[in-house]
Each structure stands twice: as structure tokens, then as C-alpha cells.
Chemist: 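Once you've had a glance at the structure underneath, I'll fire off some questions.
Numbering of ligands and ligand atoms starts at 1, following listing order. Throughout, residue positions are numbered sequentially from 1 according to the sequence presented. Everything quoted here is computed from the prediction, not taken from an experiment.
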Amino acid sequence: MNQLSDRVLGMATSATLAMAAKTRELKAEGKDIIGLSLGEPDFNTPNFIKDAAKQAIDENYSSYSPVDGYVELKDAIITKFKRDNGLTYKPSQIVVSTGAKQSLANVAAVMLNKGDEVILPCPYWVSYSDIVKLNEGVPVEVQTSIDNDFKLTPAQLEAAITPKTKMIWYSSPCNPSGSVYSKEELRALADVLQKYPNIIVVSDEIYEHINFVGEHASMAQFDDMFDRTVTVNGVSKAFAMTGWRIGYIGAPEYIARACNKMQGQITSGANSIAQRATITALNESPDRIKFMVEQFKKRRDLILDLLNEIPTFKNNVPEGAFYVFPDISYYFGKTLRGHKINNATDFSMYILEEALVATVTGEAFGNPNCIRLSYAASQEQIIEAVRRIKESLN
Ligand code: PMP
Ligand code: GLU
């Protein structure tokens with residue numbers, strides 16, 4: 001018997017989480033897998049944040065918080081947006097959620113009618129497409145080129161727009177390509193959008209601080225875009241707090257109110273202790289987490305140098321986040337140790353079985369020619385993983 005809804009039957013399992021589960025399973029069987037599949041910092045949450053959480057428990061923050069977040073947390077988010085991004089939001093424009101993933105799910109749920117199109121420059125973060133589909137929207141995938149650092153061009157944006165376009169969703173720094181849009185590049189996209197005043201931009205900035213080129217640019221920084229941009233952020237990546245599950249948006253007020261209403265029927269707001277700890281995290285200077293960013297940059301350089309030694313891989317130079325996204329399409333149609341490789345999923349499975357390295361297929365990110373490796377791992381693991389991959393390809 002299968003009484004499940006069409007909605008869930010038509011939905012893909014999160015490929016990142018599935019690969020992480022598979023890695024755990026294989027490790028439990030005693031296999032020496034190096035997991036480069038899941039995108040999460042391999043640092044512990046800094047002590048000053050953990051201390052704030054312990055204090056919150058002692059101070060009995062054990063009741064429901066306001067659905068859209070504690071007033072003090074919304075204030076800290078407003079201060080953060082002003083300090084780091086030059087954005088001025090009112091409390092009524094902020095909604096705190098159970099991870100940026102829920103922030104994105106809220107936005108999709110409150111914005112999409114059946115058949116509304118959402119432009120997703122590829123590669124996009126794994127869950128965008130299924131969140132859109134779950135809400136009866138239509139993902140419009142636009143392929144970008146590795147030669148343009150996987151960035152959407154204004155001409156591509158223009159060509160993808162139809163009368164049904166409701167939103168465009170992208171992340172910068174980008175998961176999975178590591179690409180970072182400059183202010184000029186965002187302005188050029190905003191110029192196209194000027195002709196289409198009803199299109200809403202969802203700018204996912206969760207990797208904001210993990211940026212090796214310096215300046216982070218936000219779409220909402222342009223006065224003419226502020227009222228039509230939802231800025232998504234969270235503490236998972238910057239503060240090594242993936243398990244704490246806190247994300248947030250700064251949005252036009254009518255969208256924030258709708259997200260608040262939606263969330264009020266679904267989760268009653270995010271975890272109270274994690275919210276209190278996030279106040280402390282956001283009130284600190286981003287300098288406090290610089291040591292992690294410096295480590296990620298060293299690892300980016302290391303993994304890129306090592307991968308560049310494999311002549312059949314084609315790499316862009318990721319400027320942020322903690323992923324590399326090599327094009328491995330050279331192997332399509334070839335047979336490696338008896339495994340026929342027809343696509344990136346076959347390649348990723350081959351690497352898992354023969355090199356014992358877990359990666360994620362690019363198909364999950366809307367790019368069938370690449371695989372994603374997370375370098376949020378130790379230098380030793382990175383060196384050993386690439387050594388094994390090389391060996392399995394010889
Ligand atoms: N957006 C992007 C681009 C991500 O990589 C992630 C990864 N977790 C999220 C959103 C969701 O983050 P979280 O729910 O942990 O805040
Ligand atoms: N965002 C991370 C990733 O892309 C975590 C997994 C997830 O949330 O899907 O791997």
C-alpha cells in the first residue's frame with residue numbers, strides 16, 4: 001500500500017544529505033571513507049557562542065519565542081545587516097527560521113502560485129529546485145559556463161524571463177561553484193530586472209563571510225532593488241553552527257509578514273536556546289571567525305593545486321564558500337575498471353566505490369558535467385582524497 005501524496009512522491013531526496021547518510025553507513029561497515037560530500041564546517045562552534053547557549057538554558061529561555069524571532073535577535077540581525085552589508089531593515093522585515101533552508105521554503109510557499117517560474121542559474125544549491133517544485137512552481141534552469149566562472153550573464157537572464165517569471169534565486173558565494181558575484185556583475189543583472197519590476201530576487205548570502213576576494217556584494221544594496229529583494233542568511237556556515245538550525249531573512253515587509261504567518265502554522269518559530277546564542281554570535285565582529293576563513297582559503301589553494309594536476313579535470317577558481325566543482329565530463333562514455341561512466345552520478349559513485357571518497361554529483365545542482373567536493377576537511381584528508389582519486393583514474 002502506498003498512500004503518499006503526489007507532492008512527496010515527485011520530490012527528490014536531498015543529494016547532499018543522502019550522500020552524507022551513505023558515507024555514515026559505509027563508515028559503520030568499517031570502510032575508510034573520506035567524506036567530502038557534506039557542506040559543513042569541520043570546526044566546533046566557538047566557545048563564546050556555546051557559553052551564551054548555556055546561559056540561556058540557565059536563564060530559562062524554555063518557552064515559545066515570538067514566531068518570527070526574539071526582539072533582541074531581530075535587533076542583532078538588523079545591526080549585522082547594517083554593519084556588514086549597509087542594509088537598513090526594520091524589525092517587521094526580519095523573520096528568523098529553523099535554518100536558511102526553512103527561510104527559503106517559507107519564501108517559496110508564500111510567493112508561488114501554480115505554474116509560476118523561478119529562474120535558477122546552474123549550478124544552484126541542491127534544494128532550490130525541489131523547494132520550488134514542492135510549491136507548484138516551475139524551476140527554470142539556466143546553464144552558465146565554467147569559462148564565465150559559472151556566473152549568469154545579463155543576456156542569459158534576459159532570455160530566461162517570461163511573463164510567468166516570479167523570482168530568481170541564486171547564492172553568492174555560490175554553493176556549489178564557489179563563484180562570487182561582484183557589485184558590478186550584480187548591477188548588470190539588476191539593470192535587466194529594471195524592465196521587469198514584478199520579479200523578486202532571492203539572494204542567498206549564507207557564505208557571505210567565506211569569501212577570499214574581500215568585498216561581499218548584496219543585491220539589496222541597490223536602492224532600486226531593495227524593495228524587491230529577499231536577503232537570506234544564517235549562522236550555519238560562518239559560525240560553524242549547522243546543527244543549531246538558525247537562518248533568517250531581511251525582506252520587503254509584506255513578504256516577511258507572510259513568512260511569519262506561514263511559519264506560525266508550521267513550526268511556531270525557531271529553537272529558543274539557539275536563538276539566544278545567535279544574538280551573541282551576530283553581535284560579535286566578523287573578525288572573530290577570520291581564522292576559519294583563513295583555513296578555508298589555504299585548503300582551497302591546496303585542493304585546487306592538487307586537482308589541477310589531473311589533466312582531465314577542468315576547474316574554475318572558487319572565490320568563496322568551501323567547494324570545488326570540477327568538470328569531469330571527459331570520462332563520459334569511458335569504462336573505468338569495469339564501470340561504465342555515462343554521467344556525473346556514475347562518476348561520483350565510481351569515486352566512492354573505487355577511491356573511497358564521497359562527493360556529490362553535479363546533477364543534483366543542475367549541472368550534469370561536474371561533481372562537487374567540499375574542502376571543509378583537514379589538509380591531510382584533502383591530500384589523501386585527491387591521491388586516491390588520482391590513483392583510481394590511472
Ligand atoms: N543555502 C545554501 C547555499 C546552503 O549551502 C545551505 C547549506 N546548508 C543552506 C542555504 C541552508 O543552510 P541552513 O539551513 O543550515 O541554514
Ligand atoms: N548546505 C550543505 C550542503 O550543500 C548541507 C547539506 C544540506 O543542507 O543539504 O552540503
Chemist: Please report which non-hydrogen protein atom sits nearest to atom 9 (C) of ligand 1, along with the residue it belongs to and the distance in Å to one decimal place.
Modeler: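 Minimum-distance protein heavy atom for atom 9 (C) of ligand 1 reads W125 CH2, 3.4 Å.
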Chemist: Under 4.0 Å from any heavy atom of Y207, which atoms of ligand 1 are there?
Modeler: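 This gives 3 (C), 4 (C), 5 (O) as the contact atoms.
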Chemist: Does S14 have a non-hydrogen atom less than 4.0 Å from ligand 2?
Modeler: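 So S14 counts as touching ligand 2.
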Chemist: Taking the six-membered ring for Trp, are F365 and Y128 closer than 6.0 Å centroid to centroid?
Modeler: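 Judged by ring-centre distance (under 6.0 Å), F365 and Y128 do not meet the cut-off.
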Chemist: Verify the ring-centre separation between F325 and F150: is it less than 6.0 angstrom?
Modeler: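 Yes.
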Chemist: Please list, in number order, the atoms of ligand 1 under 4.0 Å from a heavy atom of I206.
Modeler: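 The atoms of ligand 1 under 4.0 Å from a heavy atom of I206 are 1 (N), 2 (C), 3 (C), 4 (C), 12 (O), 16 (O).
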Chemist: Can you tell me how far the CZ atom of R372 sits from the CG atom of L38, to the nearest 0.5 Å?
Modeler: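 With rounding to 0.5 Å, CZ (R372) is 7.5 Å from CG (L38).
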Chemist: Identify, by atom number and element, the atoms of ligand 1 in contact range of N175, meaning under 4.0 Å from any of its heavy atoms.
Modeler: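 That gives atoms 3 (C), 4 (C), 5 (O) of ligand 1.
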Chemist: Touching ligand 1 at all, G99? Heavy atoms, strictly under 4.0 Å?
Modeler: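 Right, G99 reaches ligand 1.
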Chemist: Quick one: CZ on R337 to CD1 on I341, what's the gap to the nearest 0.5 Å?
Modeler: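 Answer rounded to 0.5 Å: 11.0 Å.
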Chemist: How close does the nearest protein non-hydrogen atom get to atom 7 (C) of ligand 1, and which residue and atom is it?
Modeler: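 Atom 7 (C) of ligand 1 sits closest to the protein heavy atom K237 NZ, 2.8 Å.
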Chemist: If the threshold is 4.0 Å, N to carboxylate O, is there a salt bridge linking K183 and E215?
Modeler: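 Result for this pair is no, no salt bridge flagged.
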Chemist: Quick one: look at E40 and ligand 1, take heavy-atom pairs under 4.0 Å, and tell me if it's side chain, backbone, both or neither.
Modeler: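 For E40, there is no contact with ligand 1 at all, from either part.
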Chemist: Going by the side-chain contact (heavy atoms from CB on, under 4.5 Å) test, name the single residue among D327, N308, I389, V386 that passes it with F313.
Modeler: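 Result for side-chain contact (heavy atoms from CB on, under 4.5 Å) with F313: I389.
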Chemist: Closest non-hydrogen protein atom to atom 5 (C) of ligand 2, residue and atom name please, with distance?
Modeler: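 Checked against all protein heavy atoms, atom 5 (C) of ligand 2 sits closest to G39 O, 3.7 Å.
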Chemist: Any carboxylate oxygen within less than 4.0 angstrom of a Lys/Arg side-chain nitrogen, looking at E253 and R257?
Modeler: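 Yes.
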Chemist: Does ligand 2 have any atom sitting under 4.0 Å from a heavy atom of E40?
Modeler: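 For ligand 2, residue contact (heavy atoms, under 4.0 Å) with E40 is absent.
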Chemist: Does ligand 1 have any atom sitting under 4.0 Å from a heavy atom of A100?
Modeler: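 True for this residue.
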Chemist: In Å, rounded to the nearest 0.5 Å, how long is the span from OG of S37 to CD1 of I351?
Modeler: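 Separation between the atoms: 13.5 Å.
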Chemist: Is there a polar contact, in the sense of an N or O pair closer than 3.5 Å, between S127 and ligand 2?
Modeler: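 N/O-N/O distance under 3.5 Å: no.
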Chemist: To check your reading of the model: name the closest protein heavy atom to atom 9 (O) of ligand 2, its residue, and the distance in Å.
Modeler: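 Nearest protein contact, heavy atoms only, for atom 9 (O) of ligand 2 is T16 OG1, 2.7 Å.
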Chemist: Suppose I only count heavy atoms of D204 and a 4.0 Å limit; which atoms of ligand 1 are within that range?
Modeler: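 Atoms satisfying the 4.0 Å criterion: 1 (N), 2 (C), 3 (C), 10 (C).
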Chemist: For a side-chain contact (heavy atoms from CB on, under 4.5 Å) with V180, tell me which candidate from S172, P318, C174 qualifies.
Modeler: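 Passing option: S172.
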Chemist: Is it the side chain (CB and beyond), the backbone, both or neither of L17 that lies under 4.0 Å from ligand 2, heavy atoms counted?
Modeler: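 Side chain only.
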Chemist: What are the atoms of ligand 1, with element, lying closer than 4.0 Å to any heavy atom of R245?
Modeler: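 Counting from 1, the qualifying ligand atoms are 13 (P), 14 (O), 15 (O).
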Chemist: Please list the nearest protein heavy atom to atom 8 (O) of ligand 2 with its residue and the distance rounded to 0.1 Å.
Modeler: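 That would be K101 NZ, 3.2 Å.
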Chemist: Return the closest protein heavy atom for atom 1 (N) of ligand 2 as residue, atom name and distance.
Modeler: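 Result for atom 1 (N) of ligand 2: K237 NZ, 3.1 Å.
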Chemist: Decide whether an N or O pair under 3.5 Å exists between T242 and ligand 1.
Modeler: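 No, there is no polar N/O contact under 3.5 Å.
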Chemist: State plainly whether the residues K164 and D116 are in salt-bridge range, i.e. N to O under 4.0 Å.
Modeler: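 A salt bridge is absent here (no side-chain N lies under 4.0 Å from a carboxylate O).
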Chemist: Using a 6.0 Å distance limit plus a 45 degree cone around the ring axis, check whether K334 lies over the aromatic ring of Y330.
Modeler: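 Positive - K334 is close enough to the ring of Y330 and near enough to its axis.
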Chemist: What atoms of ligand 2 come closer than 4.0 angstrom to any heavy atom of W125?
Modeler: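 Those qualifying, in numeric order: 1 (N), 3 (C), 4 (O), 7 (C), 8 (O), 9 (O).
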Chemist: Can you tell me how far the CG atom of N260 sits from the CD atom of Q265, to the nearest 0.5 Å?
Modeler: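 One gets 11.0 Å once the value is rounded to the nearest 0.5 Å.
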Chemist: Which part of T242 is near ligand 2, with near meaning a heavy atom under 4.0 Å away: side chain, backbone, both or neither?
Modeler: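 For T242, there is no contact with ligand 2 at all, from either part.
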Chemist: Looking at G338, is its backbone amide N or carbonyl O close enough to the side chain of T335 to form a donor-acceptor pair, meaning the two atoms are under 3.5 Å apart?
Modeler: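 Not a single qualifying donor-acceptor pair exists.
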Chemist: Any idea which part of M19 is under 4.0 Å from ligand 2, heavy-atom wise: side chain, backbone, both or neither?
Modeler: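 Neither; no heavy atom under 4.0 Å.
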Chemist: Below 4.0 angstrom, N of the basic side chain to O of the carboxylate: do D58 and K54 qualify?
Modeler: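 Looking at D58 and K54, the cut-off is not met.
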Chemist: Any N/O of K101 closer than 3.5 Å to an N/O of ligand 1?
Modeler: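 Yes.
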